[in-house]
Amino acid sequence: MSKAAEAENPVDIAAGRLSAAQYAENFSDVAPPLDRNSAVTEANRCLFCFDAPCIEACLTSIDIPVFIKKISTDNVKGAATTILSANIMGGSCSRVCPVEELCEEACVRNTQSGQPIKIGQLQRYATDHLYSRKDAQVFTRKPATGKKIAIVGAGPAGLSCAHGLAREGHNVTIFEARPKAGGLNEYGIAAYKVAGNFAQRETDFILAIGGIEIKNGQALGQQITLSQLRKDYDAVFLGMGMKGVNALGLEAENLQGVENAVDYIEKLRQAKDLGKLPVGRHVVVIGGGNTAIDIAIQTKRLGAEYVTLVYRRGAGEMSATHHEQEFAQTNGVTIKHWAQPKKLIGFQGHVTGVEFEYTQLDANGKLMGTGDTFSIPADMVFKAIGQTFVATPLKEQGRDLLQLTKKGRIAVNEDGQTSLPGVWAGGDCTEGQDLTVAAVEDGKIAAIAINRALKEKK
Amino acid sequence: MADITCKIAGVTSPNPFWLASAPPTDKEYNVVRAVEAGWGGVVWKTLGEEGPPVVNVSSRYGAINYGGNKMAGLNNIELITDRPLDVNLKEIERVKKNWPDRALIVSLMVPCEEQSWQKILKRVETTGCDGVELNFGCPHGMSERGMGSAVGQVPEYIKQVTEWCKKYTKMPVFVKLTPNITNILHPARAAVSGGADAVSLINTINSITSVNLDLMAPEPVVNGIGAHGGYCGPAVKPIALCMVGEIARDPDCKKIPISGIGGISTWRDAAEFISLGAGSVQVCTAAMHYGFKIIDDLTDGLSNWMDEKGYQTLDDFRGKAVPNYKNWQDLDMNYDIKAVIDQDKCIQCGLCHIVCEDTSHQAVKAERLGDTRRYTVIDEECVGCNLCMLACPVDTCITMKRVDNGKPYLTWPNDPRNAANMKKA
Ligand SMILES: Cc1cc2nc3c(=O)[nH]c(=O)nc-3n(C[C@H](O)[C@H](O)[C@H](O)COP(=O)(O)OP(=O)(O)OC[C@H]3O[C@@H](n4cnc5c(N)ncnc54)[C@H](O)[C@@H]3O)c2cc1C
Ligand SMILES: Cc1cc2nc3c(=O)[nH]c(=O)nc-3n(C[C@H](O)[C@H](O)[C@H](O)COP(=O)(O)O)c2cc1C
């Protein structure tokens with residue numbers, strides 16, 4: 001590269017944009033924990049509703065009024081037990097659940113006083129308390145059954161299923177492609193939501209029940225096959241999440257600086273020193289879900305100066321919650337609606353900007369470009385327009401071993417059972433809401449079904 | 001996990017939590033819901049004689065709301081059961097048969113005549129219930145008919161009726177005491193000398209919860225007029241605890257088993273009653289406020305607390321606070337504590353200062369350092385009364401620290417400052 005060209009190179013990607021103290025602050029807990037005084041005061045606001053709408057809104061049906069009552073009487077261990085009995089990842093759910101669309105939205109206090117009970121924060125108070133205790137183990141394992149179950153994927157779905165089965169006395173082996181357990185809790189969720197190595201602490205708690213072995217670096221379709229697992233184990237549960245990422249479908253998508261949001265987040269989550277993680281001065285994020293919001297906020301907090309999130313429809317259509325959108329904006333992210341990417345602009349193989357076209361709905365409600373364009377400079381462009389399930393590990397001899405849905409995910413019945421006898425699945429690799437809490441519920445339901453099936457078998 | 005099974009006066013239950021005789025135990029439907037939810041036992045809503053109907057008025061309850069909390073105290077003007085005796089007895093028999101492990105006590109109130117008690121006991125015995133509770137406590141409606149607290153306020157009647165009951169039944173006899181007396185020991189000792197197997201207390205307290213200032217009548221207003229009712233709920237707990245403690249430590253009460261009642265809403269309340277000597281505890285208002293599901297926290301909270309303290313059974317801590325419940329003249333005159341304000345926790349509301357300044361000992365200094373308000377204790381003035389700590393809204397911001405003055409335990413009777421001792425000297 002000539003001296004002149006180097007001088008003209010507009011790309012500005014650099015590490016260490018902030019001081020160590022700023023990184024620490026930006027990636028610490030977004031919502032600091034409640035102390036006892038605030039927790040008890042808040043708990044006393046709960047009306048202890050009958051047939052409580054919050055329970056119905058919780059995908060794992062935690063008995064919320066009961067656990068809150070227990071907080072109000074300082075029976076905090078009891079509160080945590082109530083939570084974890086319904087949702088073994090109640091700790092991470094208290095941090096990552098979009099409560100404003102789930103339990104807290106359903107809270108009757110919204111109608112009565114415009115202020116829901118802070119259910120998420122109270123749940124965190126209770127579970128944090130339990131994890132800090134020496135006698136934190138509140139579950140017991142039933143006598144060993146001698147049954148063996150293989151689980152693929154140590155994400156929320158897999159871990160929840162494993163815990164449910166281990167409690168019943170079965171032996172579980174989890175095959176996990178990555179070096180660490182936790183799934184997206186460890187590799188994907190925004191760092192400031194699960195600060196302080198929480199994902200690992202929670203995984204350790206789940207494993208402490210005993211009877212669960214995790215084999216890392218074991219990927220289905222590579223080191224292991226489904227047929228072999230079916231032979232070697234009494235049942236199989238697939239909780240593989242979604243590996244694929246949707247492409248923009250533009251030319252030059254392989255320009256340097258154009259990345260999948262989830263890949264970058266993974267690097268961020270695993271970085272030992274955030275000061276060594278390079279980030280652009282100008283960042284453009286394409287997408288409208290929580291992944292888009294998360295990458296936008298996190299690059300901003302890494303020191304990117306201009307972060308623009310561009311979504312092809314309006315604020316109301318974004319799958320990111322209103323709360324998340326607002327949070328991005330308070331973090332200094334510019335959200336631009338009604339525009340779709342047309343062209344990636346590059347310089348010497350590196351992206352330098354994106355050209356967008358404004359969009360609108362036509363008379364039939366179909367999205368169309370207006371022809372009007374604009375461009376935004378970008379040192380980095382993040383694709384966050386959705387993940388997909390990759391079914392290749394389930395193919396053997398060129399054919400799918402089990403049935404997929406139209407959307408390409410594993411087809412299951414209400415018990416999580418797949419079309420293949422002895423194989424269950426749940427979490428993001430099946431249909432349903434792509435949320436941690438949904439994956440935990442799937443794992444829980446499948447564990448109940450597998451346990452029942454194994455009992456019936458003998 | 002702690003064992004919270006309960007045994008009192010020969011009656012056992014899987015946990016010490018019973019529903020008190022009141023609307024929650026009025027009929028099979030409620031009682032079955034309660035035992036299904038996990039309650040350890042019930043005292044059936046008070047039964048009366050066969051015959052003249054009991055009729056209730058409309059508008060029956062009044063309540064005290066305090067600081068935004070509903071039903072800190074509840075008051076009622078209801079009577080004993082208004083359902084026919086034989087219907088109740090049939091239901092009681094069925095419940096006991098279907099739920100043999102739960103305590104089922106039948107509360108009774110009939111006129112103060114020997115045959116009345118003989119007659120009803122005979123009928124109740126056929127149900128297979130675990131015991132009877134003599135309701136000498138209801139302060140309204142029934143006392144005007146010579147029953148309830150009209151009996152409970154006369155120790156001789158209590159003794160007499162208890163003796164009749166012991167004569168006519170082998171079932172354990174619980175005597176339920178009214179708090180509407182000056183000294184709870186008189187009725188309690190009467191029950192003991194009458195041969196009671198246990199006492200239950202407290203029933204409700206005479207009360208007017210509020211006056212409707214538009215209608216100029218006490219609540220609950222019945223067509224423009226109100227009557228006094230019986231007060232219960234969290235507000236009465238301190239009164240009940242004191243009466244339970246009095247009986248537990250009284251030698252003449254001979255360690256009679258106690259079923260503690262009055263304002264019990266949490267596992268902690270229950271633990272307090274048991275530590276002051278109660279065998280089982282009974283709950284009414286808390287259930288009437290939230291429904292039967294509160295039993296979950298009551299049992300789980302009690303058992304978690306026991307685990308934490310290393311108590312394996314209820315007997316491990318039952319009555320443990322009784323030896324420490326003494327009278328004023330037994331207290332240590334040399335014990336010295338002073339308030340300490342944690343400046344890091346202080347939110348600068350100034351309540352500690354103003355309560356001390358206006359109503360106590362002017363021992364909390366208020367200063368302004370620019371914009372900062374600073375409150376500090378003047379040790380020489382602090383008498384260790386606790387008021388600032390009690391008024392402080394922040395948990396553990398103000399604590400009372402002991403001053404180690406090296407002085408021995410000294411009671412007032414032995415204190416040289418006592419005038420009696422000065423004369424001696
Ligand atoms: C960026 C981002 C942010 C999110 N934020 C939130 C949030 O704030 N709140 C929320 O509720 N949800 C959030 N989600 C969604 C949530 O993380 C997922 O719904 C949840 O993790 C799904 O759990 P799972 O167990 O199904 O899958 P995953 O968590 O994806 O776990 C799957 C596991 O399987 C392993 N695996 C995959 N393929 C194989 C194979 N072939 N062999 C062996 N192992 C394999 C993976 O390595 C992984 O460990 C977010 C998702 C993303 C991507
Ligand atoms: C509406 C109502 C009706 C009651 N009826 C009876 C009764 O029939 N017999 C009785 O012994 N006590 C009766 N009580 C008193 C309760 O059993 C109990 O002693 C009292 O309420 C104190 O307990 P608590 O503070 O938990 O409510 C009644 C209480 C209420 C609120």
Side-chain angles (χ1 to χ4, degrees), chain A residues 33-52 54-55 61-86 108-109 112-115 117 122 125-127 129-130 132-140, chain B residues 1-2 4 15 17 33 37-38 65-72 234 237 263-272 283 285-310 342 344-347 349 389 392-399:
Chain A
L34 297 178
D35 61 12
R36 178 190 171 273
N37 210 40
S38 332
V40 171
T41 307
E42 187 63 17
N44 277 313
R45 288 185 61 231
C46 174
L47 301 175
F48 202 66
C49 298
F50 164 71
D51 192 12
C54 54
I55 304 181
S61 311
I62 295 173
D63 196 332
I64 294 165
V66 162
F67 96 68
I68 292 182
K69 170 71 86 189
K70 291 181 179 183
I71 289 177
S72 77
T73 70
D74 279 330
N75 177 13
V76 193
K77 183 181 181 186
T81 310
T82 300
I83 295 163
L84 299 182
S85 306
V108 304
R109 281 281 199 189
Q112 190 244 9
S113 65
Q115 277 292 334
I117 307 295
L122 288 172
Y125 171 77
T127 49
H129 167 89
L130 184 73
S132 72
R133 290 173 70 112
K134 280 200 207 77
D135 59 345
Q137 186 54 266
V138 291
F139 298 104
T140 43
Chain B
M1 268 273 274
I4 59 169
N15 64 58
F17 298 98
R33 288 177 66 84
N65 301 330
Y66 192 76
N69 287 324
K70 306 275 283 184
M71 274 168 70
K237 184 191 104 175
I264 296 169
S265 317
T266 69
W267 61 265
R268 184 181 292 273
D269 297 331
E272 292 174 14
V283 175
T285 304
M288 288 182 72
H289 193 171
Y290 297 111
F292 295 145
K293 208 173 153 189
I294 55 166
I295 188 62
D296 196 343
D297 181 42
L298 291 173
T299 51
D300 181 54
L302 182 64
S303 139
N304 281 337
W305 170 79
M306 286 169 63
D307 285 346
E308 219 152 273
K309 293 285 180 191
D342 183 339
D344 293 333
K345 290 187 180 153
C346 175
I347 56 172
C349 71
M389 174 178 78
C392 177
V394 182
D395 261 359
T396 67
C397 171
I398 301 184
T399 46

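Below, read A as the first sequence line, B as the second, and so on, with proteins coming before strands; counting in each chain starts at 1.
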Using a cut-off of 6.0 Å, state whether more than 12 heavy atoms not belonging to A:Arg133 lie near its atom CZ. yes

Under-4.0 Å salt bridge between A:Asp74 and A:Arg36: yes

Contacts with chain B made by residues 65-72 of chain A (heavy-atom distance under 4.5 Å), listed by residue number: A:Val66, A:Lys69, A:Lys70

A:Glu42: what forms a side-chain contact (heavy atoms from CB on, under 4.5 Å) with it, not counting sequence neighbours? A:Arg45, A:Ile117, A:Lys118, A:Leu122

Can you list the residues that meet the ring pair (Phe, Tyr, Trp, His ring centres under 6.0 Å) rule with A:Phe139, with sequence neighbours excluded? A:His163

Name the region of B:Asp300, side chain, backbone, both or neither, that has any atom closer than 4.5 Å to a heavy atom of chain A. both

Where at least one partner belongs to residues 77-86 of chain A, residue pairs that pass salt bridge (Lys or Arg N to Asp or Glu O under 4.0 Å), sequence neighbours excluded: A:Lys77-A:Asp135

Contact winner vs chain A - B:Arg268, B:Lys293, B:His289, heavy-atom pairs under 4.5 Å: B:Lys293

A:Asp35 and A:Ser38: side-chain hydrogen bond (donor to acceptor under 3.5 Å, both in side chains), yes or no, with the steps? CA-CA 6 Å; A:Asp35 61 12; A:Ser38 332; 2.5 Å; yes

Look at B:Leu298, B:Ile294, B:Asn69 and state which one has the largest set of heavy-atom pairs under 4.5 Å with chain A. B:Ile294

B:Asp297 versus A:Thr73, side-chain donor and acceptor atoms under 3.5 Å: yes

